[in-house]
*Asks:* 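Handing you this structure, nothing more for now.
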Amino acid sequence: MQQYALLDKINSPQDVKRLDARQLPVLAGEIRHKLITTVSRTGGHLASNLGVVELTIALHRVFSCPKDRIVFDVGHQCYTHKLLTGRRERFSTLRQSGGLSGFPKRGESEYDAFIAGHSSTSISAAIGLARAKRLRGEEGKAIAVIGDGAFAGVAFEALSNVDETLSNLVVILNDNEMSISKNVSAFAHHLAKIRNTKGYFELKSGVERTLGAIPLVGRGMVGGLSAIKGAAKNMLYNSNLFEDMGFTYLGPVEGHNLPQLCAVFERARQMDEPVLIHVHTQKGKGYKQAEENPGAFHGVSKFDPRKEQQNDMPADSFSEQMGLHLTELGERDSRIVAITAAMKYATGLHHFSTRFRDEGRFYDVGIAESHAVVFGAALGVGGMLPFFAVYSSFLQRAYDQLLHDCCLERVHLVLGVDRAGLVGEDGETHQGLFDVPFLCSLPSCAIYSPATYDGLRRCISRALYEEEGLCAVRYPRGRQTLVLPDNAKDCGDYYEIPPKGEEQGLLITYGRVAANALGALGIAGRAYRVLLLEKIWPLPREVLDSARAAGKIVMIEESAASGSLGEHLLAALAKTGWKGDFCHRAIENPVVAQGTVEQCMQAVGLDGETLAKIL
Ligand SMILES: Cc1ncc(C[n+]2csc(CCOP(=O)(O)OP(=O)(O)O)c2C)c(N)n1
Ligand SMILES: CC(=O)[C@@H](O)[C@H](O)COP(=O)(O)O
Ligand SMILES: [Mg+2]
């Protein structure tokens with residue numbers, strides 16, 4: 001086990017305060033080594049964490065948690081924070097079942113002030129914590145640490161809510177010019193403009209030189225001095241969005257310069273007004289491959305850090321297959337326009353982007369899923385064929401736009417709902433378990449849930465050309481696991497697989513878990529007729545008819561149980577007076593902790609062995 005002279009003695013933020021300032025860069029080096037060696041073994045978010053090592057050390061050096069509350073935005077960059085707040089010894093359990101979460105979790109530590117995982121919420125949370133402190137007469141600052149990519153959507157709603165009474169609010173903007181890929185938003189352009197003006201310390205020393213030249217002649221001068229200082233600041237510095245929205249802006253500050261970071265954080269700690277500190281960092285700092293290609297090292301699976309080049313083979317995945325197929329369709333139909341919310345590569349849309357961006361048929365709207373849905377709907381109203389690829393859990397925040405802007409007037413928008421179902425190591429915030437319930441609740445929404453690549457291609461084409469209103473094609477993280485039996489009969493909306501022997505019941509299932517369900521039949525040695533659905537909603541008529549004719553039905557789905565397809569099916573059967581035996585296996589508690597997908601499946605009873613017991 002690697003020994004670290006300083007890090008091994010850090011068991012709380014107080015230990016960071018006790019170090020000599022000259023030791024802080026050494027600590028930063030040890031932390032970087034720990035991050036690279038651990039994450040190369042566990043997988044996780046590497047580049048973002050390498051970029052905030054000094055920022056996080058300075059945070060805990062100057063502020064005093066848990067009296068001061070730190071809220072990380074997205075929270076994928078919280079690893080140094082966890083190393084400095086008593087979780088160093090558990091760090092090797094990162095993102096594993098029963099181990100440390102890859103995101104802040106209040107239940108994990110008193111130093112984790114608020115949940116994170118979905119982007120752009122930290123300023124809202126910090127404002128809430130700040131207001132509560134004031135109302136309860138508590139000391140301390142509420143500090144949001146938010147990236148330039150996450151400064152989108154909800155963050156702008158929060159910005160509009162800042163006023164001079166928030167004197168205990170500090171926002172630290174970690175500007176590394178990157179979201180997952182290069183940040184090309186209008187906001188990023190504003191940041192670039194600000195970065196090119198005088199930095200905080202240049203400005204500060206300039207103003208001090210100006211003020212220093214004026215002899216102090218008594219108190220009256222002090223008032224004059226602050227007026228001159230304000231004028232000097234404005235003279236030296238054109239205003240920016242943050243100043244205009246009520247913050248005192250401090251920056252830009254070099255994000256790997258510990259003395260500067262500590263000095264500016266100390267300045268903010270003593271101020272009695274809302275402060276925004278603009279820190280300029282490098283995503284991937286300290287690991288050459290991640291510095292050169294931060295996007296590729298945003299989220300990594302296990303890798304060998306000694307290798308010069310990591311071979312990033314194109315993934316064998318539903319995402320990749322979606323991207324390739326949509327690009328193929330795009331060649332034939334110029335009405336197809338693709339949209340991503342800052343997830344171009346992870347959703348597979350980079351293929352479509354490369355081919356059609358210059359024709360104005362690909363848009364990365366940044367982390368703004370609600371905007372993406374309305375934008376897409378308007379593209380549809382305007383006569384285009386819009387396709388928005390989005391993770392199931394990130395789509396949750398656009399529920400009203402789906403209802404209000406798409407469904408009420410049956411606008412044709414196709415959603416590629418990626419990471420639908422259990423995702424594994426990202427845990428509770430990212431499990432895609434709610435899309436079937438919330439999409440089924442929408443008027444005139446159609447849902448496809450293919451379990452194979454062939455089915456995915458077919459469903460995307462049907463969604464674009466056979467459907468009229470909102471249509472979702474949902475598919476899991478990773479690759480196809482189901483092998484369709486040769487005797488599966490294609491019935492259009494579903495496949496029918498005959499029983500292996502005298503029929504003992506009807507098994508209805510869809511999506512990735514169908515592989516486990518079919519496997520369970522083999523384990524149990526039971527003879528069920530199987531309906532493997534591809535179009536799941538509205539429930540196909542023939543499926544309902546087939547169910548009504550069955551005496552025993554087992555329904556297996558990888559979805560939150562409440563509002564699930566199985567509940568809808570049972571309700572529909574009940575309306576027909578059906579009185580058979582109905583067994584429904586879904587996920588009763590959809591707050592599913594991290595682990596491998598297989599471990600998550602086991603935790604919720606959707607693994608083959610457990611399913612065999614209900615057949
Ligand atoms: C609502 C939502 N949409 C998308 C994501 C996926 N996501 C995670 S981190 C990230 C980029 C964040 O960029 P930034 O805030 O600049 O952090 P950096 O990785 O650059 O440190 C995105 C798009 C998310 N977590 N939440
Ligand atoms: C932090 C975040 O939300 C994303 O980086 C997410 O973790 C990516 O998930 P995948 O690894 O499934 O692409
Ligand atoms: Mg960034």
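Hydrogens, waters and symmetry mates play no part in the numbers below; they use all other heavy atoms, side chains included. Model, not experiment: these values are computed from the prediction. In listed order, ligands and their atoms are each counted from 1.
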*Asks:* Do the side-chain N and O atoms of Arg479 and Thr481 include a donor-acceptor pair separated by under 3.5 angstrom?
*Replies:*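 No, no side-chain donor-acceptor pair sits under 3.5 Å.
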*Asks:* May I ask you to identify the nearest protein heavy atom to atom 26 (N) of ligand 1, giving residue, atom name and distance to one decimal place in Å?
*Replies:*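 Result for atom 26 (N) of ligand 1: Ser119 N, 2.9 Å.
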*Asks:* Would you call Asp175 and Asn183 a side-chain contact if the rule is heavy atoms closer than 4.5 Å?
*Replies:*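 Asp175 does not reach Asn183 side chain to side chain.
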*Asks:* Below 4.0 angstrom from a heavy atom of Asp148, which ligand 1 atoms are there? Numbered from 1 as shown, please.
*Replies:*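 Near Asp148, the atoms of ligand 1 are 16 (O).
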*Asks:* Are Phe356 and Phe352 close enough that their ring centers fall under 6.0 Å?
*Replies:*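 Yes: the rings meet the under 6.0 Å criterion.
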*Asks:* Heavy atoms only, cut-off 4.0 Å: how does Met343 contact ligand 1, side chain, backbone, both, or neither?
*Replies:*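 Answer for Met343: side chain.
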*Asks:* Counting non-hydrogen protein atoms only, what is the nearest one to atom 10 (C) of ligand 1? Give residue, atom name and distance.
*Replies:*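 Checked against all protein heavy atoms, atom 10 (C) of ligand 1 sits closest to Ile180 CG1, 3.7 Å.
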*Asks:* Could you tell me whether His76 approaches ligand 1 through its side chain, its backbone, both or neither, with non-hydrogen atoms closer than 4.0 Å?
*Replies:*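 The answer is the side chain of His76.
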*Asks:* For Gln289 and Tyr287, test the side chains for any donor-to-acceptor distance below 3.5 angstrom and give the result as yes or no.
*Replies:*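 Distance-only check passes for Gln289 and Tyr287.
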*Asks:* At less than 4.0 angstrom from any non-hydrogen atom of Ala342, what atoms of ligand 1 do you find?
*Replies:*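 Those qualifying, in numeric order: 23 (C).
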*Asks:* Using modelled atom types only, decide if a donor and an acceptor are shared between the side chain of Thr38 and the backbone of Leu35 within a distance under 3.5 Å.
*Replies:*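 No: the side chain of Thr38 does not pair with the backbone of Leu35.
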*Asks:* In terms of residue, atom name and distance, what is the protein heavy atom nearest to atom 2 (C) of ligand 2?
*Replies:*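 Checking every protein heavy atom, the shortest distance to atom 2 (C) of ligand 2 gives His430 NE2, 3.6 Å.
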*Asks:* If you take the centroid of each ring, where Trp contributes its six-membered ring, are His430 and Phe394 closer together than 6.0 Å?
*Replies:*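 That pair passes the under 6.0 Å test.
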*Asks:* Could you tell me whether the Mg ion (ligand 3) has an N, O or S atom of Asp148 under 2.8 Å away?
*Replies:*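 So Asp148 does bind the Mg ion (ligand 3) by this criterion.
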*Asks:* Provide the number and element of each atom of ligand 1 under 4.0 Å from a heavy atom of His298.
*Replies:*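 Contacts of ligand 1 toward His298, numbered from 1: 9 (S), 19 (O).
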*Asks:* Can you list the atoms of ligand 1 that are under 4.0 Å from a heavy atom of His118?
*Replies:*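 Counting atoms of ligand 1 from 1, those under 4.0 Å from His118 are 26 (N).
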*Asks:* Closer than 4.0 Å to some heavy atom of Val74 - which atoms of ligand 2 meet that?
*Replies:*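 The atoms of ligand 2 under 4.0 Å from a heavy atom of Val74 are 1 (C).
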*Asks:* Does the side chain of Ser319 come under 3.5 Å of the side chain of Asp418 through a donor N or O and an acceptor N or O?
*Replies:*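 Judged by distance alone, the side chains do pair up.
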*Asks:* Which label fits Phe72 and His81: parallel for a plane angle under 30°, tilted from 30 to 60°, or perpendicular past 60°?
*Replies:*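 It falls in the tilted class, 30° to 60°.
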*Asks:* Do any nitrogen or oxygen atoms of Gly149 lie less than 3.5 angstrom from nitrogen or oxygen atoms of ligand 1?
*Replies:*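 Gly149 vs ligand 1: N/O contact under 3.5 Å present.
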*Asks:* Using a plain distance cutoff, I'd like to know if Gly117 has any nitrogen or oxygen under 3.5 Å from a nitrogen or oxygen of ligand 1.
*Replies:*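 In this structure, Gly117 places an N or O atom under 3.5 Å from an N or O of ligand 1.
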*Asks:* Taking the six-membered ring for Trp, are Phe63 and Phe265 parallel (under 30°), tilted (30 to 60°) or perpendicular (over 60°)?
*Replies:*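 The rings of Phe63 and Phe265 sit tilted, inter-plane angle from 30° to 60°.
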*Asks:* In terms of side-chain geometry, is the basic nitrogen of Asp364 or Lys182 positioned less than 4.0 Å from the acidic oxygen of its partner?
*Replies:*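 Salt bridge flag = no for Lys182 with Asp364.
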*Asks:* Hey, would you say the Phe151 and Phe187 ring centroids sit under 6.0 Å apart?
*Replies:*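 So the answer is yes for these two rings.
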*Asks:* Quick one: look up the protein heavy atom nearest atom 13 (O) of ligand 2 and list residue, atom name and how far away it is.
*Replies:*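 Of the protein heavy atoms, Tyr391 OH, 2.5 Å lies nearest.
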*Asks:* Quick one, Lys285 and Val53 - any side-chain contact, counting heavy atoms below 4.5 Å?
*Replies:*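 Side chain of Lys285 against side chain of Val53, heavy atoms only: no contact under 4.5 Å found.
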*Asks:* Among protein heavy atoms, which sits nearest to atom 11 (C) of ligand 1, and what does the distance come to when rounded to 0.1 Å?
*Replies:*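 The closest heavy atom on the protein side is Ser179 OG, 3.3 Å.
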*Asks:* Once you restrict to heavy atoms under 4.0 Å, what part of Val423 touches ligand 2? Side chain, backbone, both or neither.
*Replies:*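 The answer is neither; Val423 stays 4.0 Å or more away.
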*Asks:* Heavy atoms only, cut-off 4.0 Å: how does Phe394 contact ligand 2, side chain, backbone, both, or neither?
*Replies:*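 Contact part for Phe394 vs ligand 2: side chain (C-beta onward).
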*Asks:* Got an N, O or S from Asn183 under 2.8 Å of the Mg ion (ligand 3)?
*Replies:*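 Here the distance criterion (N, O or S atom, under 2.8 Å) is not met by Asn183, so no.
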*Asks:* Out of Asp364, Asn176, Thr121, who gets a non-hydrogen atom closest to atom 21 (O) of ligand 1?
*Replies:*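 The residue whose heavy atom sits nearest atom 21 (O) of ligand 1 is Asn176.
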*Asks:* Under a 3.5 Å cutoff, is there a donor and acceptor pairing between the side chains of Glu108 and Ser101?
*Replies:*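 Absent: no donor and acceptor within the cut-off.
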*Asks:* Which part of His118 is near ligand 2, with near meaning a heavy atom under 4.0 Å away: side chain, backbone, both or neither?
*Replies:*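 No part of His118 is near ligand 2 at this cut-off.
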*Asks:* Under 3.5 Å, is there a donor on one side chain and an acceptor on the other for Glu177 and His280?
*Replies:*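 Yes - a donor-acceptor pair under 3.5 Å links their side chains.
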*Asks:* Going by side-chain hydrogen bond (donor to acceptor under 3.5 Å, both in side chains), Asp426 matches just one of Arg95, Gln594, His76. Which one?
*Replies:*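 Between Asp426 and the candidates, side-chain hydrogen bond (donor to acceptor under 3.5 Å, both in side chains) is satisfied uniquely by Arg95.
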*Asks:* Do the side-chain N and O atoms of Asp435 and Tyr391 include a donor-acceptor pair separated by under 3.5 angstrom?
*Replies:*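 No donor-acceptor contact under 3.5 Å links the two side chains.
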*Asks:* So if I count the atoms of ligand 2 from 1 in the order they appear, which ones are less than 4.0 Å from some heavy atom of His298?
*Replies:*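 So the answer, numbered in order with elements, is 5 (O).
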*Asks:* Distance to 0.1 Å, residue and atom name: give those for the protein heavy atom nearest to atom 23 (C) of ligand 1.
*Replies:*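 That would be Ile367 CD1, 3.4 Å.
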*Asks:* Which ligand 1 atoms, with their elements, are less than 4.0 angstrom from a heavy-atom of Gly147?
*Replies:*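 Atoms satisfying the 4.0 Å criterion: 14 (P), 15 (O), 16 (O).
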*Asks:* So, is Val74 polar-close to ligand 1, with some N/O to N/O distance under 3.5 Å?
*Replies:*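 For ligand 1, there is no N or O atom that lies under 3.5 Å from one belonging to Val74.
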*Asks:* Is it true that Ser441 and Tyr399 share a donor-acceptor pair across their side chains at a distance under 3.5 Å?
*Replies:*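 Note: Tyr399 and Ser441 side chains meet the donor-acceptor criterion.
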*Asks:* Decide, counting backbone as well as side-chain atoms, whether Met178 has an N, O or S atom less than 2.8 Å from the Mg ion (ligand 3).
*Replies:*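 So Met178 does bind the Mg ion (ligand 3) by this criterion.
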*Asks:* Mind checking whether Cys407 and Leu470 have side chains closer than 4.5 Å, heavy atoms only?
*Replies:*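 In short, these two side chains touch, coming nearer than 4.5 Å.
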*Asks:* By number and element, which atoms of ligand 1 are closer than 4.0 Å to a non-hydrogen atom of Glu369?
*Replies:*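 Once the distances to Glu369 are compared, the set is 1 (C), 2 (C), 3 (N), 4 (C).
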*Asks:* Do any nitrogen or oxygen atoms of Asp426 come within less than 3.5 Å of a nitrogen or oxygen of ligand 2?
*Replies:*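 By distance alone, the answer is yes.
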*Asks:* Please check whether His430 reaches ligand 1 - meaning an N/O of the residue sits under 3.5 Å from an N/O of the ligand, judged on distance alone.
*Replies:*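 In fact, backbone or side chain, His430 has no N or O that close.
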*Asks:* Please confirm whether Pro294 approaches ligand 1 to less than 4.0 Å, judged on its heavy atoms.
*Replies:*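 Per 4.0 Å heavy-atom rule, Pro294 does not contact ligand 1.
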*Asks:* Which residue supplies the protein heavy atom nearest to atom 11 (O) of ligand 2, what is that atom called, and how far is it?
*Replies:*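 Heavy-atom neighbour on the protein nearest atom 11 (O) of ligand 2: Arg477 NH2, 2.9 Å.
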*Asks:* Please verify whether a non-hydrogen atom of Gly51 lies at under 4.0 Å from ligand 1.
*Replies:*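 False for this residue.
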*Asks:* Output yes when the distance from some N or O of ligand 1 to some N or O of Ala150 is under 3.5 Å, and no in every other case.
*Replies:*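 Looking only at distances, the answer is yes, because the N/O contact criterion of under 3.5 Å is met.
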*Asks:* Return the residue, atom name and 0.1 Å-rounded distance of the protein heavy atom closest to atom 4 (C) of ligand 2.
*Replies:*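 Going atom by atom, the protein heavy atom closest to atom 4 (C) of ligand 2 ends up being His45 NE2, 3.7 Å.
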*Asks:* Within the distance-only criterion (no hydrogens, no angle test), does the side chain of Gln431 pair as donor or acceptor with the backbone N or O of Val423 below 3.5 angstrom?
*Replies:*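 Checked: pair present.
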*Asks:* Does at least one non-hydrogen atom of Lys283 fall below 4.0 angstrom from an atom of ligand 1?
*Replies:*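 Flag set, Lys283 near ligand 1.
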*Asks:* Determine whether the side chains of Arg419 and Ser392 contain a donor N or O and an acceptor N or O closer than 3.5 Å.
*Replies:*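 No, because no side-chain N or O of Arg419 sits under 3.5 Å from a partner of the opposite role on Ser392.
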*Asks:* Provide the number and element of each atom of ligand 1 under 4.0 Å from a heavy atom of Ser48.
*Replies:*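 Answer, ordered by atom number: 18 (P), 19 (O), 21 (O).
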